[in-house]
Amino acid sequence: MKRLLLISPWFGAWPEWINFFIESCKHNREIDWLIPTDQAEPENKAPNVKFVHYSFDDYREKLSSKIGVDLHNLTPYKLCDLKPFLGLIFSAQLEGYKSFGYCDNDIVFGDLRAIYTDDILDRYEAISSHSDRMAGHLSVFRNTPKMQTIAKRIPNWRERIAAVEHFGLDEGALTTMMVPRRKHVIKRLLAPKSLLVERYTTPGGGERLWPDGLQSPDAWTWKNGQLSNERFSSGILYLHFMFWHSSRWRRPHTGAAPWLSLDKIVQCDWREAAQKGFSISPHGIRLLA
């Protein structure tokens, strides 16, 4: 049986870094990715990354049919609220996998299986890379009917996914299913066995200090499937560089996202970077010297 399938829908033009994302997936050979999209496949190809093509209208039709809620007015950003339902939406594609999950693509992965071992994946029903909530950028679940449909336990889930507003169901609301408040005895008994561990994957937002109280590193390096930075030479799950390319969730005192002022985010050819390695920092994506 295959180990893990990660699902990452994307609609609209690919971001500049998509070939680097795929390269980091390629080196995680025991994990497969499924990317529903309306775009042609990127230049970089990986045997464990499969693209499933939909127009956005067709994708909304699929969502509406599988979930049983009219989602024909859904916007691309609202897809974040649909992440907890991806196990249900793509249940047919999950056949043969022990685990599934979802992830973003503003990520460069390290060696996922070095940390998410068989023991970890078999022991827990839900796994997050944050200690206080399920992470929207990577969360993993045991492939069971219970976990495929866990989002249907979210209070008022039908109204919330049909609404125009973004509720962050993939983080806050889903977390309440995994870690109910202490006074909710029944909910605690029914809650999945969960592992929430802070992996310190997302620098630059100003909201999360590292264990020793210092700010997170700004210089990260990928080479031969391994991630490192000035603090750690190994054991890094992934780098989520959201706060470098987007100001949406940055704290006011941190200023605008640094990549917004760059002429080019990607400053090297992905083919050469795949061979020699590359750095990722507020200055962009660059070839290693």
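Residues: numbered from 1 along the sequence shown. As a basis for the values below, the full set of heavy atoms in this structure was taken, side chains included, without hydrogen atoms, waters or symmetry mates.
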Practice prompt. Keeping the roles fixed (side chain from H53, backbone from Q39), state whether a donor-acceptor pair exists under 3.5 Å.
Written response: yes
Worksheet item: Does the side chain of Q267 come within less than 4.5 Å of F278's, by heavy atoms?
Response: no
Worksheet item: Between atom CD of E198 and atom OG of S129, what is the distance when rounded to the nearest 0.5 Å?
Response: 7.0 Å
Response to the item:
Exactly one candidate in W222, Y238, F109 meets ring pair (Phe, Tyr, Trp, His ring centres under 6.0 Å) with H27; the answer is W222
Worksheet item: Counting distance only, does the side-chain N/O of R158 pair as donor-acceptor with the main-chain N or O of G68 below 3.5 Å?
Response: yes
Discussion item. Under a 3.5 Å distance rule, please check whether R123 uses its side chain to pair with a backbone N or O of K193 as donor and acceptor.
Written reply: no
Worksheet item: Roughly how far, to the nearest 0.5 Å, is CH2 of W14 from CD1 of I22?
Response: 6.5 Å
Worksheet item: Can you say whether the rings of H130 and H137 are parallel (under 30°), tilted (30 to 60°) or perpendicular (over 60°)?
Response: perpendicular
Worksheet entry | Spatial distance of atom CG (L63) from atom CD1 (I161) [nearest 0.5 Å] | 8.5 Å
Worksheet item: Can you check whether R286 reaches S281 side chain to side chain, under 4.5 Å on heavy atoms?
Response: no
Item to complete: Could you tell me whether the side chain of D32 and the main chain of L34 form a donor-acceptor pair under 3.5 Å?
Response: no
Worksheet item: Angle class for the F241/W17 ring planes (parallel below 30°, perpendicular above 60°, tilted otherwise)?
Response: perpendicular
Worksheet item: Are more than 12 heavy atoms from other residues, nucleotides or ligands located less than 6.0 Å from atom CG of D119?
Response: yes
Discussion item. Can you confirm whether more than 12 heavy atoms, excluding those of K2, are under 6.0 Å from its NZ atom?
Written reply: no
Discussion item. Distance check, rounded to the nearest 0.5 Å: K98 atom NZ versus L121 atom CG?
Written reply: 9.0 Å
Worksheet item: Parallel under 30°, tilted from 30 to 60°, perpendicular over 60°: which one fits the rings of F85 and W157?
Response: tilted
Worksheet item: Do P203 and W244 come within less than 4.5 Å of each other through their side chains, counting heavy atoms only?
Response: yes
Practice prompt. Check whether any side-chain N or O of D38 sits under 3.5 Å from a backbone N or O of G12 as a donor-acceptor pair, and report yes or no.
Written response: yes
Worksheet item: How far does CG of L88 sit from CE of M147, to the nearest 0.5 angstrom?
Response: 13.0 Å
Worksheet item: Within 45° of the axis and under 6.0 Å from the centre of the six-membered ring of Y77, does NZ or CZ of R248 qualify?
Response: yes
Discussion item. Tell me whether S139 contacts the main-chain N or O of A135 through its side chain, where contact means a donor paired with an acceptor under 3.5 Å.
Written reply: yes
Worksheet item: Do T254 and F243 touch side chain to side chain, with heavy atoms closer than 4.5 Å?
Response: no
Worksheet item: Counting distance only, does the side-chain N/O of S246 pair as donor-acceptor with the main-chain N or O of M242 below 3.5 Å?
Response: no
Practice prompt. Using only heavy-atom distances, determine whether the side chains of E23 and W270 contain a donor-acceptor pair under 3.5 Å.
Written response: no
Discussion item. In the structure I gave you, are the side-chain heavy atoms of D111 and N28 within less than 4.5 Å of one another anywhere?
Written reply: yes
Discussion item. Tell me if a side-chain donor or acceptor on K83 pairs with a main-chain N or O of E171 at a distance below 3.5 Å.
Written reply: no
Worksheet item: Is the Lys NZ or Arg CZ of K146 less than 6.0 Å from the centre of F141's six-membered ring, within 45° of the axis?
Response: no
Worksheet entry | Atom NZ of K223 with >12 non-hydrogen neighbours under 6.0 angstrom | no
Item to complete: Taking all heavy atoms of T176 and all of A173, pick out the closest pair and write down the distance.
Response: OG1-O, 2.6 Å
Fill in: Atom of D122, atom of R3 and distance for their closest heavy-atom approach
OD1-NH1, 3.0 Å
Worksheet item: Hey, does R113 have a side-chain heavy atom less than 4.5 Å from the side chain of I31?
Response: yes
Response to the item:
Between M134 and I127, the two heavy atoms sitting closest are CE-O, 3.8 Å
Fill in: Identified side chain to side chain contact (heavy atoms under 4.5 Å, CB included) counterpart of L74 within the set D81, V69, L79
L79
Fill in: CG on N143 to CG on L5, rounded to 0.5 Å
8.5 Å
Fill in: Backbone of R231 reached by a side-chain donor or acceptor of N229 within 3.5 Å
yes
Fill in: W220 and F20 aromatic centres sub-6.0 Å
no
Discussion item. Quick one: does any side-chain atom of S24 pair with a main-chain N or O of F21 as donor and acceptor, under 3.5 Å?
Written reply: yes
Item to complete: Give a yes or no on whether K50 atom NZ has more than 12 heavy-atom contacts from other residues, nucleotides or ligands under 6.0 Å away.
Response: no
Discussion item. Grouping I, L, V, M, F, W and Y whenever their side-chain heavy atoms are under 4.5 Å apart, do L287 and I18 come out in a common cluster?
Written reply: no
Worksheet item: Heavy atoms, side chains only, cut-off 4.5 Å: are N44 and K26 in contact?
Response: yes
Worksheet item: Does some side-chain heavy atom of Y116 sit less than 4.5 Å from a side-chain heavy atom of L138?
Response: yes
